[in-house]
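Taking it in order: structure first as structure tokens, then the write-up.
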Amino acid sequence: MSNALYRGRFAPSPTGLLHAGSLSTAVGSYLEARSRGGQWLLRMEDLDPPREVPGAADDILRTLEAFGFEWDGEVAYQSRRHGLYRAALERLAASGQAYACCCTRKEIAALARRGLDGYVYPGTCRRGCPGGREGRAWRLAVAEGERVVDDRLQGAYRQDLARDIGDFVLLRADGFWAYQLAVVVDDADQGVTDIVRGSDLLVSTPRQLAVYEALGLSAPGYCHLPVLTNAAGEKLSKQTLAPAISADAAASQLGTALALLGHAPPADCAGLDELWRWAVANWSLSRVPAGPLQLPHS
């Protein structure tokens, strides 16, 4: 693919502030785009208001700016794109690939077995909601057979959606759009050609490929970076109380993120501008480790 056509993105969720794990993902995504002469977009995934932290979206933007990130174009907000998601769901419903589901979580848990990412939906409502009940959510009907994600860092990742996941949700019962639909619609609409993100999302990728296929869209390339873990081996996240990164120590934290990604900067490379220039000039995905990384103790 020509460098001129490369378009990457970073899509944080304002459910909390940026931490070291999200910083390393942003750095890898940014450097892969810039080193290939491409664009880097920024999108705020603010589709779950009950989980969002007031002011977090603005804080994320300020932090990225303080760390020297420069994005192309305006920031996109998922909360302003509901019409696109609705149109996509209507297309899938009209083609018979999406259907309404009336099942509650309790009902699914009573009938289903555990899969790779929660319960495997048993297809109860595929031929219509039983007993005249009304649908509460919308699901994509998935085909049997193995899907293979050709990941640029993790290699071939295989998953049988029907066996491992089941028909998955596109519109939740509470009225909020599911990540699997929104992320595909957004990336396709914004012309994203390559997605660089954390390896914790690799398990979701076959679902997203199924949405691309159902909508007749070309899928992007994928690269899943190693996740950062704490001393207990848990992924750094808001749930594991990962501390927020601070703009007051931006250069040192950027240097740590680079080192974790296999690109330890030279000792005489200290300031933000110097670090970014060195990183763009020296970035190579071949130097990035594939497995989980532990953040060094401070």
Side-chain angles (χ1 to χ4, degrees), residues 5-15 22 25-26 29 33 38-53 56-58 60-61 64 71-101 117 121 134-143 147 149 161 165 167-198 201-223:
L5 298 177
Y6 187 101
R7 180 175 282 191
R9 52 76 162 170
F10 179 56
S13 172
T15 53
S22 43
T25 300
S29 170
Q39 294 182 317
W40 191 72
L41 311 180
L42 185 58
R43 183 172 70 234
M44 201 62 63
E45 298 200 330
D46 55 345
L47 275 185
D48 199 351
R51 295 181 60 236
E52 290 165 20
V53 175
D58 290 339
I60 288 171
L61 297 182
L64 289 172
W71 50 89
D72 294 288
E74 295 184 356
V75 179
Y77 291 83
Q78 286 188 326
S79 57
R80 303 172 188 173
R81 302 167 66 83
H82 293 284
L84 292 174
Y85 312 140
R86 174 60 63 184
L89 179 60
E90 288 174 354
R91 282 177 58 191
L92 294 172
S95 65
Q97 297 177 93
Y99 62 89
C101 173
D117 194 17
Y121 183 68
E134 292 189 6
R136 307 170 64 249
W138 281 83
R139 294 180 180 273
L140 185 74
V142 302
R147 288 182 179 273
V149 181
L161 277 177
I165 301 293
D167 296 348
F168 57 90
V169 172
L170 303 172
L171 178 65
R172 290 164 25 185
D174 57 11
F176 295 123
W177 296 104
Y179 169 75
Q180 311 297 352
L181 176 68
V183 71
V184 168
V185 171
D186 286 332
D187 285 331
D189 179 69
Q190 292 184 279
V192 172
T193 63
D194 292 80
I195 294 172
V196 179
R197 60 188 182 186
L201 291 171
L202 184 56
V203 70
S204 294
T205 306
R207 275 169 277 184
Q208 290 156 34
L209 291 177
V211 176
Y212 276 107
E213 184 178 314
L215 289 171
L217 300 170
S218 297
Y222 287 95
C223 175

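Being a predicted model, the structure only gives us computed values, none of them experimental.
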**OP:** Under the side-chain contact (heavy atoms from CB on, under 4.5 Å) rule, what do Leu202 and Tyr222 come out as? Steps first, then yes or no, please.
**Re:** CA-CA 9 Å; Leu202 184 56; Tyr222 287 95; over 6 Å; no
Original post:
Could you walk me through whether Glu213 and Arg147 pass the side-chain contact (heavy atoms from CB on, under 4.5 Å) check?
Top reply: CA-CA 12 Å; Glu213 184 178 314; Arg147 288 182 179 273; 3.2 Å; yes
Original post:
Do Trp177 and Val185 have side chains that get closer than 4.5 Å, going by heavy atoms?
Top reply: no
Subject >> Reported CG-to-OH distance for the pair Leu140 and Tyr121, which is rounded to 0.5 angstrom >> reply: 13.0 Å
**OP:** Please name the pair of heavy atoms, one in Phe10 and one in Ser22, separated by the smallest distance, quoted to 0.1 Å.
**Re:** CZ-O, 3.8 Å
Original post:
Can you tell me how far OH of Tyr179 sits from CD of Gln78, rounded to the nearest 0.5 angstrom?
Top reply: 8.5 Å
Original post:
Are side-chain heavy atoms of Asp189 and Arg81 found at a separation under 4.5 Å?
Top reply: yes
**OP:** First locate atom CD of Gln97, then atom CG of Leu170, and finally report the distance between them rounded to the nearest 0.5 Å.
**Re:** 10.0 Å
Subject >> Side chain to side chain, Leu42 and Pro12, heavy atoms closer than 4.5 Å >> reply: yes
Original post:
With a 4.0 Å cut-off, would you call Asp186 and Arg9 a salt bridge?
Top reply: no
Original post:
Salt bridge or not for Asp48 and Arg172, using N-O below 4.0 Å?
Top reply: yes
**OP:** Evaluate the side-chain proximity of Val184 to Arg207: yes if any heavy-atom separation is below 4.5 Å, no if none is.
**Re:** no
Original post:
What distance do Thr193 atom OG1 and Leu5 atom CG have between them, rounded to the nearest 0.5 Å?
Top reply: 7.5 Å
Original post:
Would you say the side-chain atoms of Asp46 pair up with the backbone N or O of Tyr77, donor to acceptor, closer than 3.5 Å?
Top reply: no
Subject >> Side-chain donor/acceptor of Arg91 to backbone N/O of Leu215, under 3.5 Å >> reply: yes
**OP:** Could you check Val211 against Val183 for side-chain contact (heavy atoms from CB on, under 4.5 Å), going step by step and ending with a plain yes or no?
**Re:** CA-CA 10 Å; Val211 176; Val183 71; over 6 Å; no
**OP:** Quick one: closest heavy-atom pair of Val196 and Thr25, and the distance?
**Re:** O-CG2, 4.4 Å
**OP:** Provide the closest heavy-atom pair for Asp167 versus Val142 in the form atom of the first, atom of the second, distance.
**Re:** OD1-N, 3.0 Å
**OP:** Working to the nearest 0.5 Å, report the span between CD of Gln180 and CZ of Arg139.
**Re:** 12.0 Å
Original post:
Rounded to the nearest 0.5 Å, what separation is found between the CH2 atom of Trp71 and the CG atom of Leu64?
Top reply: 5.5 Å
Original post:
Is it true that Asp72 and Arg7 have a side-chain N and a carboxylate O under 4.0 angstrom from each other?
Top reply: no
**OP:** Quick one: closest heavy-atom pair of Pro14 and Ala57, and the distance?
**Re:** CB-N, 3.7 Å
Subject >> Shortest non-hydrogen contact between Ala173 and Ala137, atoms and distance >> reply: N-CB, 3.8 Å
**OP:** Could you list the residues that satisfy ring-ring contact (aromatic ring centres under 6.0 Å, His included) with Trp40, not counting sequence neighbours?
**Re:** Tyr30, Phe69
